[in-house]
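Input: a single structure, listed below in C-alpha cells.
Note on naming: letters A, B, ... go to the chains in the order of the sequence lines (proteins, then strands), and numbering restarts at 1 for each one.
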Amino acid sequence: MGSVQPGGRYLVQLASGTVGAALPTPDATGTSNLAVSGGKVALVHATAALLCGASVGSCSADPLVTDLVGYGSATDYEGSGAAPAIGNTTAALRAGDGCTDTDANASDFSAAAPNPRNSAAPAAPCSAPPPPSGGVSQDAPVDIDVDSVLSIALERPSISFGHAAAGETPASVSERVTVASNHTTGYALTVHRSAFVPADLPLGLSASAPPGGQLGGQLAGGAMAAIPIAPAADLLIGTTSAPSAPAGDGWATNVGFVAPLPFVTPGHYTATVTFTVIGR
Amino acid sequence: MTPARIRLPLAFALVLVPASAGAGTSAPARPLALTAAPARLAFRAAGDAAVRIRNAGTRRVVVEAALAGFALDLRGRPHVVARRRARSAAPWLSLRPTRFTLAPHSAAQLRVTARVPLRAEPGDHDALVLLTTRPVASARVSVRVRLGVVVLVRAPGVVVRRLELRRLRVARRRSRQALELIVANAGNVTERLLHVHAVLSRPSTRRHVGTVAAAARDLRPRTRGLFELRLRRRLSGPVTAQVVLPAAPGRPVIRRTYRLRL
C-alpha cells in the first residue's frame, strides 16, 4: 500500500527467478509470482482481497478497483481484449509514456522491452506533453487573481413619453437593464428617481426577472409600483443569489405612470431615474 | 469571509456589455454601460487599492465617485444607508479622483485609500463606493446607472467569531412551503454562510423525509439574517429539523434541532 505523486511511478517487486537484470530499488515488495502466459494486476483503494476476476468485466466494474490490466490469457481485463502476452524479456507497457488510458487493455498496452522506474524517477505529468527525448524541460508556475466584476448596462440613456394631456396615462416605455456579476452570492438591483420639475408626476416601473432572479415583492405579478423619490429607500427590482449568466442577466423593465397625469401646468417636465446594482 | 488581501487587480472585466462571450452571437451595443472590477475590496487596517472602471457603452459618460454606508437587510439584500452609521468604514476611506469622464470603451482607475483610526473597534466595518453616471442634460426622463463597490475594512484587534441559531419557523406561501431560519452573528467579523441546510425527519420513526438548503450569503457583524430553506415537495405533520451551519476556517460546525409542525 502506498501513494503515487502526479506523473510519478511506484515500483513493486514481486517474486523473481535467478536470471535477469536487477531492478531499481523497489518502493514495495511482494511474493506473488505472475504467470508468463496470463494474469491480472489491479490497483485498488482498499486492503480487502478482491473477489472478482473470474469473468470479463467483473473487476473493472468493482468500485474498489481504480485500474486494471489483464494480459495474455487473463479472464478479466478492461475493454474488449487483454493486453498482449508477455515473456521473460518483455513487459506490458502503457502507451503515451504511461498516459494513455482509454480503458481498453488491448490497445493501451504493448509488449516491449522492460523499462522499470521507481518513485525516484523524474515525474512526467500526463496533463502536459512529455518532454522531447533527449531534451531538457523546466516547470514555470503561473498564477493569476481573477477579480470580482460588476457591470450594469441600459437600453436607453433617456426616456421620452412624447406629448400627453392631464388625465391621460401615457404608454410605458421599455428599459432593459443588463447586470453582470461573477460574485457567488449575486446582487440586488434597485431604482429611485428625482422629483419631476416643475411639478412631480406619478412615475412607476414594472419588471420581469431573468432566469435565476427573484422579483421584488412590490413588482410581483407584473404590477407597476411607484418609483420612490430619493432620499426615500429605493424600490427593489430584484435580486439574485448566484453569479449571473456570462452575457449578463436581462431585467426587462417598463417605465410608465402608476396613475393618470395630474392637472398640472402645461410645460416640459423632466426627472432622472437611477438604477443601482450592488453585490450581495 | 476569505482573508482580505490588498492587491492591485488584473482587472479583467469578464463581462463587457456588449463584448460578451456567446456561442456565436454578440450582445447588442448599449448606449450606457458601466463596469467596475474588482466589485469588492477588502482591507486589513490601512491600505490602497485600485478599482478599474470601464465605459462599455457607446456614449461618452461622466462618472462621479462617492462614499456611502452599506447594510444588508434581514434577507441579505444590500442597500445604501447613511455614511455615519454604526460600523461604517466610510469615514476611514478616501477616493481619488471623485469625477472622471470616460469615452466609449475606455477605462479609468479609481484609487481607494483606507486609514483606520487607532481606537477603532476591532473587526469588520463596511462601506460602499458609489459610481454614478451623470444624467443626460435636457432629456425628458433621464436615466443613469449607479454601481456599488462593497468595501470591507478589518480593524486590528481580537477577532470574535460567534454565530447563533435562533428561531426556525414554517413560512406558508401560496404555492410553496419554506422554513425561515434566523441566524445571529454576535461576532465582530463578517461570516460567509455556505451550505446552510436542515435535515428533516419524522420524530416518531426518525425516518428521513427531506433535506432543504438555503442560498449562500454574508452575515455582517452584530446583525441577524433570515435564511429561507425551501421545501421541494409538500410535507405535512410533525417533523424534526436538524439545522446545520457547516464548519469554516476558525469556526466549528453548529447544529441545533427544532421540532415543527408542517
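Judged as a side-chain contact (heavy atoms from CB on, under 4.5 Å), and not counting sequence neighbours, the contacts of B:Ala39 are A:Ser148, A:Leu150.
Counting non-hydrogen atoms of neighbouring residues, nucleotides and ligands closer than 6.0 angstrom, the CZ atom of B:Arg222 exceeds 12 such neighbours.
Side-chain contact between A:Leu236 and A:Gln218 is absent, with no heavy atoms from C-beta onward closer than 4.5 Å.
Checking each of A:Thr240, A:Thr239, A:Ile152 against A:Tyr187 for a side-chain contact (heavy atoms from CB on, under 4.5 Å) leaves exactly one that passes, namely A:Thr240.
Highest contact tally toward chain B, considering only A:Ser241, A:Ser160, A:Ala242, is held by A:Ser160 [criterion: heavy-atom pairs under 4.5 Å]. Ranked by non-hydrogen atom pairs under 4.5 Å with chain A, the options B:Gly148, B:Pro78, B:Gly76 are led by B:Pro78.
Summarising the geometry, atom OG1 belonging to A:Thr184 is positioned 4.5 Å from atom CZ belonging to B:Arg192; distances are rounded to the nearest 0.5 Å. Remark: A:Thr169 OG1 to A:Leu261 CG distance equals 6.5 Å, nearest 0.5 Å.
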### Query
Yes or no on side-chain contact (heavy atoms from CB on, under 4.5 Å) for B:Glu64 and B:Arg146, after CA distance, side-chain angles and deciding distance?
CA-CA 9 Å; B:Glu64 292 172 339; B:Arg146 190 167 68 164; over 6 Å; no
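Of the possible donor and acceptor atoms, none in the side chain of A:Asp249 sits under 3.5 Å from a partner among the backbone N and O of A:Ser181.
Contacts of A:Arg156 with chain B are made by backbone atoms alone, with heavy-atom separations under 4.5 Å and no side-chain atom involved. Using a 4.5 Å cut-off between heavy atoms, B:Val150 contacts chain A through its side chain alone, with no backbone atom that close. Only the side chain of B:Leu128 comes within contact range of chain A, with at least one heavy atom under 4.5 Å from a heavy atom of that chain.
Interface with chain B: from residues 272-280 of chain A, residues A:Thr272, A:Val273, A:Thr274, A:Phe275, A:Thr276, A:Val277, A:Ile278, A:Gly279, A:Arg280 qualify, criterion being any non-hydrogen pair under 4.5 Å.
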